[in-house]
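Each remark here refers to the structure printed beneath this line.
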Amino acid sequence: MKWKLTLRFLRSVMTIVVIVGIVNAILFLSLFFMQLKYNIFGTEEASAETFSRTFSQYVELHSGKPVVNEEGLKKLQDMSAWVQFLNNHGEQVSAFYTPEELQTEYSPIEIVQMYKYKELDASTTVFVSKAQNFSYFLGIKNPKVARYVTTYDYAKIFKDVNVFLSIFFIVDVLIVIIIGFLFGKKLTAPLHTLIDGIQQLRERRFKKMPTPRGVYEDVFRNMNELSEKLDRHEEERKRLDQMREEWISNVSHDMKTPLASIQGYAEFINDSATDLTAQELQEYTSIIKSKSMYMKDLLDDLNLTMRLRNHQLSLQFEDVNLVQFLREMTIELLNDLTFGERQVEFEANVVKAVHKVDKKLLKRAILNFIYNALVHNDENVVVKIRVETIHLKYGQEHPSGSLSPGPEFHTQISISDNGHGIPAKDLEQVFERYYRGTNTASKHGTGLGMAIARDIIWAHEGKLDLKSVEHIGTTITILL
């Protein structure tokens, strides 16, 4: 996999270089031939060679002698040039702007020497052409203008060019391979580490990778964050799986215990129906009914906690004055024969605190908290229920005891006791659905009460806080 990435990158670099080279060659050849054919850059008109070859257009015959017209004379002045016309014998017949040291008669070999090799001086270049059946020398005095005569062999040039291009191509390919390999290896090295990291994630090995600087820095940082999150989720999953197994085991035990009682008493009644008295029959059927109701409550609680967890429970909201609601709940609790002798106190710093709540579910949540305080402590425990309106930002009470809280004020319900308290190691798991499973030692409920109560408060978009100190007591605070 690592070599595939490097080779793919190297192949991409080579392809780009080849394409760029081909495009440049095509562009260069196209411009070269267009320049030759159409003179697209306009350099031909300004060249000394072109000027000397086309100078015949400015030559006219007067009395059998060549004469330069006014336009031609102006061109000569503009080019700092002179012209000398010769007849077939190499003799001068007319001249314009020629220097004094220029000879007036030439032999054939001198004409050849003048054109090919000889310059009049270091700053003058001489060209040869023909006009009106006369030959002429045209000299341009310009140190920037020069002419070089070369000889060449087309076949040898073509062969040398092929060799040169081949060497050039081979060297370029080698350079591309070496540079592409080194650059590709450096560029793809982090990808190899990244691939290894992904494979580790697939194998559930959440190892943090060193973060390199450069273009991959954000990628590695996000990968490490993902690895940390997956690691936490994996630990949470293992913890929940363990708690779920314990919970299922406890639920199975709680289901077996009443089922065994129901089955035993049902078989006893069936086998000894004629021998039982009316009082015994009523006692046994009452036990069967009690165990059946317990199983029904357990199944109802399981169904409720699952629906709350999956947000599938539709809440019936209505405007409720929580002060009056909790006062009536406290009175109802004290009228219960089970808790009639217990010390339950109610306090409120406001007369009215109206919220949209589901009365049935909220009552169940609060009663669960109160029942826990009463059932899991001694009979002389004091449970205090308090309702107050506070300012969330400053934690101050509402200045008026008769007004409903505005958007910036919140209603706080606290349920506190002076009982045994909860050990510190258990505090974080009190509200877990799978923690301890059902409480078989409890006379009330199924052991899912705290988890259900927490989910109900969350369903009302409220906040829940639990503080407890062993041998001092427990306080549960609900903020709506």
Are more than 12 heavy atoms, taken from residues, nucleotides or ligands other than Arg237, located less than 6.0 Å from that residue's CZ atom?
yes
Any chance you could measure Lys360, atom NZ, to Glu318, atom CD, to the nearest 0.5 Å?
12.5 Å
Are the side chains of Phe339 and Ile370 in touch, meaning some heavy atoms are under 4.5 Å apart?
no
Less than 4.5 Å apart, side chain to side chain, heavy atoms only: is that true for Val323 and Val351?
no
In this structure, are over 12 heavy atoms from other groups packed under 6.0 Å from Gln279 atom CD?
no
Hey, are the side chains of His376 and His420 touching, using non-hydrogen atoms and a 4.5 Å cut-off?
no
Check: residues 258-270 side-chain donor-acceptor pairs under 3.5 Å, at least two apart:
| residue | atom | partner | partner atom | Å |
| --- | --- | --- | --- | --- |
| Ser261 | OG | Thr257 | O | 3.3 |
| Gln263 | NE2 | Glu267 | OE2 | 3.2 |

Asn418 side-chain N/O to Val382 backbone N/O, donor-acceptor pair under 3.5 Å
yes
Does Thr411 reach the side chain of Val350, with side-chain heavy atoms less than 4.5 Å apart?
no
Is there a side-chain contact between Lys291 and Met295 in this structure, where contact means two heavy atoms from C-beta onward sitting under 4.5 Å apart?
no
Looking at Asn380, is its backbone amide N or carbonyl O close enough to the side chain of Asp378 to form a donor-acceptor pair, meaning the two atoms are under 3.5 Å apart?
no
Evaluate the side-chain proximity of Ile478 to Asp465: yes if any heavy-atom separation is below 4.5 Å, no if none is.
no
Quick one: list whatever passes side-chain hydrogen bond (donor to acceptor under 3.5 Å, both in side chains) with Lys159, sequence neighbours left out.
none
Nearest 0.5 Å, please: how far is NZ in Lys384 from CD in Gln343?
10.0 Å
Closest non-hydrogen atoms of Ala48 and Ile140, given as atom of the first, atom of the second and distance, are CB-CD1, 3.4 Å
Among Asn349, Ile415, Ile413, find the one that has a side chain to side chain contact (heavy atoms under 4.5 Å, CB included) with Arg386.
Asn349
Answer yes or no: is there an ion pair linking Arg232 with Glu235, defined by an N-O contact shorter than 4.0 Å?
no
Minimum heavy-atom distance between Ala353 and Asn321, given as atom pair plus value
N-OD1, 2.9 Å
Side chains of Phe346 and Leu334 in contact at under 4.5 Å (non-hydrogen atoms):
no
So, using side-chain hydrogen bond (donor to acceptor under 3.5 Å, both in side chains) as the criterion, who are the partners of Asn224 when residues are at least two apart?
Thr211
Output for pair (His233 NE2, Asp231 CG), nearest 0.5 Å, gives 10.0 Å
For the pair Val320 and Leu362, evaluate side-chain contact (heavy atoms from CB on, under 4.5 Å) and give the outcome as yes or no after the intermediate values.
CA-CA 11 Å; Val320 176; Leu362 185 62; over 6 Å; no
If you round to the nearest 0.5 Å, how far is CD1 of Ile457 from CD1 of Ile366?
6.0 Å
Lys363/Met329 under side-chain contact (heavy atoms from CB on, under 4.5 Å): CA gap, chis, key distance, verdict:
CA-CA 8 Å; Lys363 180 177 181 179; Met329 189 186 304; 3.6 Å; yes
Output all residues satisfying side-chain hydrogen bond (donor to acceptor under 3.5 Å, both in side chains) with Asn162, sequence neighbours left out; order by chain, then residue number.
none
With sequence neighbours left out, the residues meeting side-chain hydrogen bond (donor to acceptor under 3.5 Å, both in side chains) with Ser468 are Thr474
Is it true that a side-chain atom of Thr330 and a backbone atom of Leu326 form a donor plus acceptor pair closer than 3.5 Å?
yes
Atom NZ of Lys352 and atom CG of Leu322: how far apart are they, to the nearest 0.5 Å?
12.0 Å
Can you check whether Asn372 reaches Asp417 side chain to side chain, under 4.5 Å on heavy atoms?
no
Apply the test side-chain contact (heavy atoms from CB on, under 4.5 Å) to residues Leu315 and His460: give CA-CA distance (whole Å), side-chain angles for both, the deciding distance (0.1 Å), then the verdict.
CA-CA 9 Å; Leu315 276 66; His460 284 79; 3.7 Å; yes
Step by step, would you call Met450 with Arg454 a side-chain contact (heavy atoms from CB on, under 4.5 Å)?
CA-CA 6 Å; Met450 292 295 281; Arg454 177 199 60 182; over 6 Å; no
Residues in side chain to side chain contact (heavy atoms under 4.5 Å, CB included) with Asn335, at least two apart?
Ile331
Less than 6.0 angstrom separating the ring centers of Phe51 and Phe127, yes or no?
no
Rounding to 0.5 Å, atoms CD1 (Ile456) and CG (Asp358) come to a distance of 8.0 Å
